[in-house]
Structure formats: structure tokens, C-alpha cells
Amino acid sequence: MSGVGQLTPNSLHRGSWRRLTCHNMTIRIAVLASPWSARIAIRKSSSTNAISCHHRRRVKRSDNAGHRPMSAPVRVRFAPSPTGFLHVGGARTALFNWLWARHSGGELVLRIEDTDLERSTEEMTTAILDGLEWMGIDWDEGPHFQSESRDNHRAAALDLLEADAAYACFCTVEELAAERKAAISRKESYVYSGKCRAIPPARANERRDKGEPHTIRFRVPSGQTSWVDAVHGPTRFDNRTIGDFIVLRSDGAPVYNLAVTVDDRDMQITDVIRGDDHISNTPKQILLYQALRATVPRFAHVPLILGPDKRKLSKRHGALGVSAYQEQGYLPQAFTNFLALLGWSPGDDREVMSQAELIEAFSLERITGKSAVFDVQKLEWLNGQHLSMMSGLAVADLVRPRFITAGIATEIELAERAIWFGELMAMVKTRSRTLDDLVVQARPFFGGAIEYQPDAVAKFWKDRKMARELLGVAASYVDGETAFDDLEGMEARLRALCEERSVSAGKLMQALRVALTGTRVSPGIFETMAAMGKSLVVERIEAALGYLGREIEAA
RNA sequence: GACCCCAUCGUCUAGUCUGGUCUAGGACUCCACCCUUUCAAGGUGGCAACACGGGUUCGAAUCCCGUUGGGGUCGCCA
């Protein structure tokens, strides 16, 4: 659990993260003791973690009120392998684990499964942690690196060997490949023949002592292996379809199923929440738990996320990492809300939910067994909903860097006009679905030239002479207007002037909108003028008049 | 191919365990209307589904069997 911690050299265990919370800022100090390098990384996190801590306390209080049955405290883990970025499927698995931990007042352990050293990179580990942090997912322990518990894995394999639950297998890669090929040509599923099963232990030891290359295989007993899955219900596998599987490679490295089982046992994981694609690994792992005389955890297999073509969501669908959604300007609370609704529902009609509400409502039982298609449109809608619930100032804080990198304004300029900027954001956010939309819509409110959008020109400046006439009236109105903050008065005065000059007030406002913003989309025209200020409005009208004049000349 | 999982509007889903209250509810998208200086937002309404076939039952979206369809897994990857 996070909290103010003492940071001493002794508290920096290899591969551990320490968290110090002060004010609203969380600083994590990590010793990334990985096979690649050992270094200290100090990372500042946003305030999202502080928010989630708040949630946790909230939930815990309600738990103490006696709503939850007395049972072993929940301990879950998220165990990504750093061979790629954090994709949406992994993100949702992490989210479900987190929601379950926070809902039940349990703990979330983060474990990096880096046993495939060839494909694991430190960059990916960092990317995954960043993604989790952005989503507001915090963890109570870790990250642990699986490669560091290699000794435990090996010891477990030796235990199995000693108990005769496993045996040495001297089959070569080539032999196995031939077996597999033969099985395929016979149109059968491949299971290891068990060729080395019957080698007497004494003989096997002899060969091992001689240094003959061998793997350690688990001796799958006959019978059936079953469990009650928290999402799928009773699930059963016939052990004949499993086949003796390798537990320790010939180079002494543990294989996934062994490593996971030993780690989950050692970390006392009570609930394993992971993707559906692990269902077929589950019987193997249960067999290992049993052979290791460990308590079998509860399993919850979450259905996969599919692309629009109903295939497993992949890069081909343009579904990049979580970071892509972050860059596109989605809000973490909207993103997690959306992900939570993919395969889970609160059971009532609620859809727009805060993280606190998600935590409160979450349960494993309400996860559906059916895989879900990732629908970006719904994500966009949800993002708009969350955006509209935020205050202008809060939105301003989030988009400020985007204005700066887009070169629209400098940090200093924005700081000087902080209140104005917050009000501007409040104005444009109902029209925006992402933070990028916000930038586009707010751009005309800053000085400098604007481009006239062809569709706006076609619709509201179709008759150039008429447009020029309308803008002429607008110019004389603006000229005499002194109260730019009096929205109602402005409208009354403009309408009166239109009446007097017998021009359509509606047409004028539309033509004016194009002159001011270059688009046909903007907040109310008086709000727009108020936010721009008189000098910019005058400047824009003059520019438009000039443009229209040139157009008329040319025609 | 074998094994496993899944099957309600185009999509996300409620309803399935504990059959009747379901002429199947909500949401996204789309369409229409209202509001309106534009675009959104908001409001109102509309289009749209129980995969198929058997059974059980007075009664099935719900229980059982089969078919079909989709997905996942079948590595000294994780």
C-alpha cells in the first residue's frame, strides 16, 4: 500500500518499486534490476494515482461496514510480458484485476514476465508501466521480474522430478518436430508421445550425469482436470488431450506454465484474472499446483477483444498501444470506462461511470463469456461525455501542452490568460470529443491569420457581394459596441442595427462566424466575439472584407 | 483436424442460473422532429435482435439435445 515511506538503501530491493506520497504527487523510485541493466529510475506520476488511492480508501470503508463476507483477502496480479506495448487487451486485463482488487479491498501485484529474454526489452517494460499509470491503475507490489525467480522455478522442477511427477526427456528438437509433423499429416492434434516416460529413473540419471541434453517434462496423470471458472462456470479438460509438457528447457530455463504457477503460488495469488486465450493453459497449471501441493487459485477468464472483422484485435486493426489513445486525446477515465464496459456491465442501465463507480459496481460474476468488438465510436462518445463533465479549468490543464506543442500559444501566454483559457475550454468542450478536437476548435480564438474552410465559404459566403455587405454592417456594429461582455445587450443591439439596415440578422451572424473562425462550427457568435475581444474581431472582419473584395475583383 | 470457449438489434449490452411480468429493455451509430445565429450538446420519436432445428413444459430468449456459425489453443513463446 502506498503511503509515506522511509527510503533507505535497505528498502531498495532489487526489482522493487517504492512509492512516496507527498501532497498530491506520487514519486516512484524503482530499482529496475533487470537482466539488461540495473538502474534507478525516478518517475513523477500525475495526480491520477492520488485519485485512485482515494477510491481505495472509500471502498475499504464500505467493506468494513460488513458488506463483504469474511474470506481470504483477494490478491490478484497483472503479468504482462514486455515483448510489446500495452495493447487494449492487456489494458483491460489490468483494469479488471485492478477493479477487482480495489473493489474487494485486496492487493494488486505487478509482475513482468520476462522469461523470454530474446524478445523482452526494457523499453517495453517502461511503456507498460506508463500505460498503466496513465489509466490510473496503481499497484501495491512490484513490479517483480519473473526472470529473477528463476531459481525458484528450477527448484520446483527438481521437486517435481524427485516426486516422480516429472521426468527427464531426451528427445531432440528434430525428433519432436517429426512427431508433430506426423500428427498433423494424420490430422490429429499433437500431444507428446511420452517416449521418454518409461525410461527408468536410474538410467535417466546416468544419462543426465553424462551431460546428455534433456528437458524436464511433467507427467500428466490420467483422468480429467476441471475448475469452476468465475466467468465461464464449470470447465473440464480430458488429460489425454494435454500431453506431457515441458517444464524446464534443456538450457535449464523454466517454461511459461511452470514459471507462472510457481510465481502465483509464491506470491499467494488468490484470483487469476486473465485473457480467454489462457484457458487451455489452465489445466496444465492446475496439475502443477496439485503436484506442487499448492492451493489452486480461483480463475476468471475474460473473453478477448475483437476487431471490427471479429478477429482477435491486432495491429492490423489500427489498434495500437494504449499510448496511441493517450496521444489522440482520450481521457483516461473515459478510456477505462469504455474498456470496463467491454465484457462487463454493472447490470443496470448505467454507462457513463467514474472510476469510483466502476470500483464500487465491479464483480467477476458480471463479466460476460462472449468476446466483444472494439467500437471506437462508442469510445469517442464516452470521451465526450467525460469531457463535458469536467470543468473548463480542468480541461485547460489537460490540453495546455497540446496548444504549446502546436505552436498556438506559449506557456507564458497561457499562464497570463489562465482564466480566459479556462472559459474558452468550457465553451468549446461541448463540441469536442477528444482533446485534439478542442485544440482545433480553439485555434481561431488566438491571434494570427485563419484559413477559410471551403465548406463554410460555400455555405455562408456563397454570394460574395452579399457577404461583403453583411460584414460591412457587422463592422459598423462592432465599431460602436463597447460592452463586449454583455452578451444579451450585444445581441439586442446587433438585431436592432440589422432591422435598421434591413438585413437578416441570422445571415449576418453566419457570415460573421466564417469571418471570425473560418468555419461553420463555433460557439454562439456573441460568446465567440466576447472571447476574442474587440481588436481581434475587428482585425478578422477587416481581413475577411479584404478577402471578399479580392474575390469579387477576380470574378 | 483435435480440444476448449461463445451465440439477443450493425456494435456494446440487460434479460438466461431462480422458465410466465419480454408484442425483448438501455446505449453507440444512423434517420426525423424540437430547440436554434452555425455546429454541437440537450430533448422527443423512429429503424434494428432472441443463429437454426428438435425436444421438455400449460408456457422457452431463458432448461436439454443436435446442427450451423464465430473465436481461442494446440512450441524447449508468453
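Convention: sequence-line order gives letters A, B, ...; per-chain numbering from 1.
In this structure, A:Y325 has its ring center closer than 6.0 angstrom to the ring center of A:F374. Remark: aromatic rings of A:Y192 and A:F245 are distant, center separation not under 6.0 Å. Here the two rings, on A:W344 and A:F96, have centers that are 6.0 Å apart or farther. Centroid-to-centroid, the aromatic rings of A:H278 and A:Y256 come within less than 6.0 Å.
Pairing for B:C74 is with B:G1, a Watson-Crick or G-U wobble pair whose two hydrogen-bonding atom distances lie under 3.5 Å. Taking a pair to require two hydrogen-bonding distances under 3.5 Å in either a Watson-Crick or a G-U wobble arrangement, B:U36 remains unpaired. Under the Watson-Crick and G-U wobble criteria, each requiring two contacts below 3.5 Å, nucleotide B:A51 is paired to B:U67.
Comparing the P positions of B:C30 and B:A40 gives a spacing of 10 Å, expressed to the nearest Å. Going from the P atom of B:U29 to that of B:U44 covers 16 Å, rounded to whole Å. With both ends at atom C1', the span from B:G15 to B:U62 equals 8 Å, rounded to whole Å.
Contact annotation: A:R350 side-chain N/O to B:G25 OP1/OP2 distance is not under 4.0 Å. Within the 4.0 Å cut-off from OP1 or OP2 of B:G42, at least one side-chain nitrogen or oxygen of A:Q385 is found. Listed pair A:R513 / B:C39 fails the phosphate criterion, with no side-chain N or O lying under 4.0 Å from OP1 or OP2.
Heavy atoms of A:K459 sit under 4.0 angstrom from primed sugar atoms or phosphate atoms, though from no base atom. Contact annotation for A:C169: no contact, since no heavy-atom pair falls under 4.0 Å across all strands. No engagement by A:P303 is indicated, since no non-hydrogen atom pair under 4.0 Å with the nucleic acid exists. Contacts of A:H301 with the nucleic acid, taken as non-hydrogen atoms under 4.0 Å apart, are absent. Contact annotation for A:T115: backbone-only contact, meaning every heavy-atom pair under 4.0 Å involves sugar-phosphate atoms and none involves a base.
Rounded to an integer number of Å, the gap from CG of A:L304 to P of B:G70 is 17 Å. Atoms CD (A:Q510) and P (B:C39) sit 8 Å apart, rounded to a whole Å. Computed from coordinates, the A:I246 CD1 to B:A78 P distance equals 11 Å when rounded to whole Å. When rounded to the nearest whole Å, the span between CD1 of A:I305 and C1' of B:G72 equals 15 Å. Summarising the geometry, the separation between CE on A:M427 and P on B:C39 is reported as 17 Å, rounded to the nearest angstrom. Residue A:R111 contributes atom CZ, which lies 13 Å from atom P of B:A78 at whole-angstrom precision.
Minimum atom distance to the side chain of A:R180 is reached by B:G75, of the listed B:G75, B:U29, B:C39. Closest approach to the A:D277 side chain among B:A40, B:G72, B:U37 is made by B:G72 (side chain taken as heavy atoms from C-beta onward). Among the nucleotides B:C76, B:A78, B:A40, the one closest to the side chain of A:R431 is B:A40.
Look at A:R493 and A:D486 and you find a salt bridge, because one of the NZ, NE, NH1 or NH2 atoms lies within 4.0 Å of a carboxylate O, short of that distance. With salt bridges taken as basic N to acidic carboxylate O contacts below 4.0 Å, one links A:R495 and A:E491. Salt-bridge annotation for A:E469 and A:R501: absent, with no side-chain N of the basic residue lying under 4.0 Å from a carboxylate O of the acidic one. A salt bridge links A:E113 with A:R111; the closest basic N to acidic carboxylate O contact falls under 4.0 Å.
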Contact string for nucleotides 1-13 of chain B, one letter per nucleotide 5' to 3', B = base within protein heavy-atom range under 4.0 Å, S = sugar-phosphate only, - = neither, reads BBSSSSSS--SBS
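The cationic group of A:R180 lies under 6.0 Å from the six-membered ring centre of A:Y190 and within 45° of the ring axis, placing it in a cation-pi geometry.
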Give each protein N/O atom lying under 3.5 Å from an N/O atom of nucleotides 21-24 of chain B, with the pair distance.
none

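Below the 3.5 angstrom threshold, one finds no donor paired with an acceptor across the side chain of A:R520 and the base of B:C39.
Two residues, A:F526 and A:W381, neighbour RNA chain B, and the one matched to the more 5' nucleotide by heavy-atom proximity is A:W381.
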